[in-house]
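Input: a single structure, listed below in structure tokens.
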Amino acid sequence: MGEVVEPGVVLLAEGLEHSFGAVRALAGLSFRVAAGELYGLIGADGAGKTTALRILAGLMRPGRGTARIAGKDPADARSGVRELLGYMPQRYSLYGDLSVGENLRFFAELFCLDRRVFAERSERLLGITRLARFIDRPAEKLSGGMYKKLALACALLHRPEVLLLDEPTNGVDPVSRLDLWELLYGFVAEGMSVVVSTPYMDEAERCHRVGLLHGGRLLLEGAPERLVGGFEGVVLRVTGDLEKVERQLEGAGVIAVAPLGGSLRVVVGAEAAGPVEAELRGLGAEVERLRPNFEDLFLARAGGEGLPFDRAQGVRAEGAEEQRAQRGEG
Amino acid sequence: MGGAATAGAAIVVEGLGRRFGSFDAVREVSFGVGRGEIFGYLGANGAGKSTTIRILCGLLAPTAGRARVAGIDVRADPEGVKRRIGYMSQKFSLYPDLTVEENLDFFGGAYGLSGKALAQRIDALVAEVGLEAQRRVQTRSLPGGWQQRAALAGALLHDPEILFLDEPTAGVDPASRREFLALVRRRVRRGVTVFLTTHYMDEAEYCGRVGLMVDGRLATLGTPAELKARHVPGAFFAVRAGRRADLLAMLPGLDGVLAANPYGAGFRVRVDPARLSVEGLAARCRGVDAGAEIEPAGATLDDVFLQVVAGGRA
């Protein structure tokens, strides 16, 4: 098993730093994932998610810092670490002109699975991904959601202990997206560790634990409900004469205003909440307190931290290089 | 499912259909969108959303039914429709190797604007979306949120009454998303109508009304609150507990439990409050796991979507 880091820790990232030329993609990223844990790496485009996952998958070495999968260096092909790892990049390259079944067989041969083991596992994976009836369909003729599920099945054939998924739900319709989450819950229940990256804040609550990645390092980490519970502002649903309400809200203490199904969703600082509520009720508006969400938390915390690009110049500082690195992978 | 087909409607769709060969991409779709409304149009990939948008933007003729956009029949005068609407999608709206200004100049030409009038429009829009300092930057080197605002400026050049936003916020960071939304809302307050597609249910919550497409048909239509009450009635609770597997085995058989699905470190339970109280649910959960925590959680449009499209599977 190589060096043992800490009991129960299956994935370790310690002080990861990486730059592409002058662009700093990772700036000291550290996190750990336990067996059977579903960990979400949440961040916008350019936050460093892809670079982190590529390092953990052993596809590149970090400029600085340590990555370990079950105590082994993922970039060391001789360590046997590849058999422990499943990795699904954003644009997973399946063979478009091969059928669903042929793609599975191809990946089984890469991992030298014997015929009986392959038959057993592919049947199970085709069943849980509901792809069995499309077994003869060429991969290029699958919908986005089905293609992702096939890619996931291929990444799982060799029964990895750690599964790394880079934005598996991006561009996938809601039903397929919920299917994917359901599959992941099944795997972690069996003890697999899963790291899933997503730019969507509303997916944070689906994870056991999340790290908010911003500017190449973690801004926050913890169980989503605990993190949201620590949000210090107040979220209101305001219903009534919205024009009047909006004029009233142009004062201090209001963090954000967004539409919400014909009402307004208003985020205010904790101290301003009482007075703002009273003013709005004075206008005859109906005011109800809502649960804050992850996006509220992210904005409150990331606001003072500087953005992942230079505002004054408006030129993307990160992401462009990261995308280039991705394209290189093909 | 007619909806508000009033005289002031921005979009009126009646029995709309589009057949490709023997495949009906859109079937008997009817709805109305009021002026100044934010209307959400949702559905799985292949459910008929894009076909509907192409018809409403005058890019594709319907094979059945009618659609009037800004009072113009899309079949009779597709060019007239194009002059009255703006269209923006995250993917196709900008030329990456042109600057912001060059892109706007190009789109302005396409809308028949030129000279001083176009220059003034560009000045005003660049200011409106806050890209003055980035006018001469190639759009490919702008962060996603700024590209999105440049694309919005492009869609607003000819001052459209109706704005079609096709998955406009994919991959954009939350701060940019909020800024973008504020820009769109400023237009809505001036009477512009928004027709929005999105895969993200928190974004669908912004909409005044939401239509959900399934297999080419409009399966349901209403305000987010109406859809939740109609399709996933009852009360939702978030349950967190150590002995998840035991709880998940017990709950579905409990009288009054309508659904129980894994969610994060715990799961979500939907109950019929007439048959099972919060106290009852908490007592049964704590009977299995003394440390179980139960707290109220609202229904989401994800719940609605799953119920309507997949009959509550998962």
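Here is the naming used below: chain letters follow the sequence lines, and residue numbers restart at 1 for every chain.
Side chains of B:Asp302 and A:Arg177 form a contact here, defined as non-hydrogen atoms less than 4.5 Å apart. A:Glu246 is listed as a side-chain neighbour of B:Arg189, based on a closest heavy-atom distance under 4.5 Å.
Closest approach of B:Arg178 and A:Ala256 over heavy atoms only: NH1-CB, 3.3 Å. The nearest pair of heavy atoms linking B:Gly264 to A:Tyr185 is N-OH, 2.7 Å.
With a 4.5 Å cut-off on non-hydrogen atoms, A:Glu167 does not touch chain B at all. Within the 4.5 angstrom heavy-atom criterion, only side-chain atoms of A:Glu225, from C-beta onward, approach chain B. In this structure, the portions of B:Ala44 lying under 4.5 Å from any heavy atom of chain A include both its backbone and its side chain. Neither the backbone nor the side chain of B:Leu301 comes within contact range of chain A; no heavy atom of the residue lies under 4.5 Å from a heavy atom of that chain. Only the side chain of A:Arg291 comes within contact range of chain B, judged by heavy atoms closer than 4.5 Å. At a 4.5 Å heavy-atom cutoff, A:Val188 makes no contact with chain B through either its backbone or its side chain.
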(message) Checking A:Glu205 against B:Arg268 for the side chain to side chain contact (heavy atoms under 4.5 Å, CB included) test, could you report, in this order, the C-alpha distance in whole Å, the side-chain angles of both residues, the deciding distance, and whether it holds?
(response) CA-CA 11 Å; A:Glu205 295 190 12; B:Arg268 277 157 58 83; over 6 Å; no
(request) Apply side chain to side chain contact (heavy atoms under 4.5 Å, CB included) to the pair B:Asp202 and A:Met201, showing each step before the final yes or no. (result) CA-CA 9 Å; B:Asp202 64 337; A:Met201 299 288 145; 5.8 Å; no
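For B:Glu295, the CD atom counts as densely surrounded, since its 6.0 Å shell holds more than 12 non-hydrogen atoms of other residues, nucleotides or ligands. The 12-atom threshold is not exceeded at CG of B:Asp215, counting heavy atoms of other residues, nucleotides or ligands nearer than 6.0 Å. For B:Arg35, the CZ atom sits in a loose shell: 12 or fewer heavy atoms of surrounding residues, nucleotides or ligands are nearer than 6.0 Å. The number of heavy-atom neighbours closer than 6.0 Å to CD of A:Glu190, taken from other residues, nucleotides and ligands shown, is above 12.
Taking CZ of A:Arg226 as the start and CZ of B:Arg240 as the end, the distance is 10.5 Å to the nearest 0.5 Å.
Below 4.5 Å, heavy atoms of chain B meet heavy atoms from A:Pro259, A:Leu260, A:Gly261, A:Gly262, A:Leu264, A:Arg265, A:Val267, all part of residues 259-268 of chain A.
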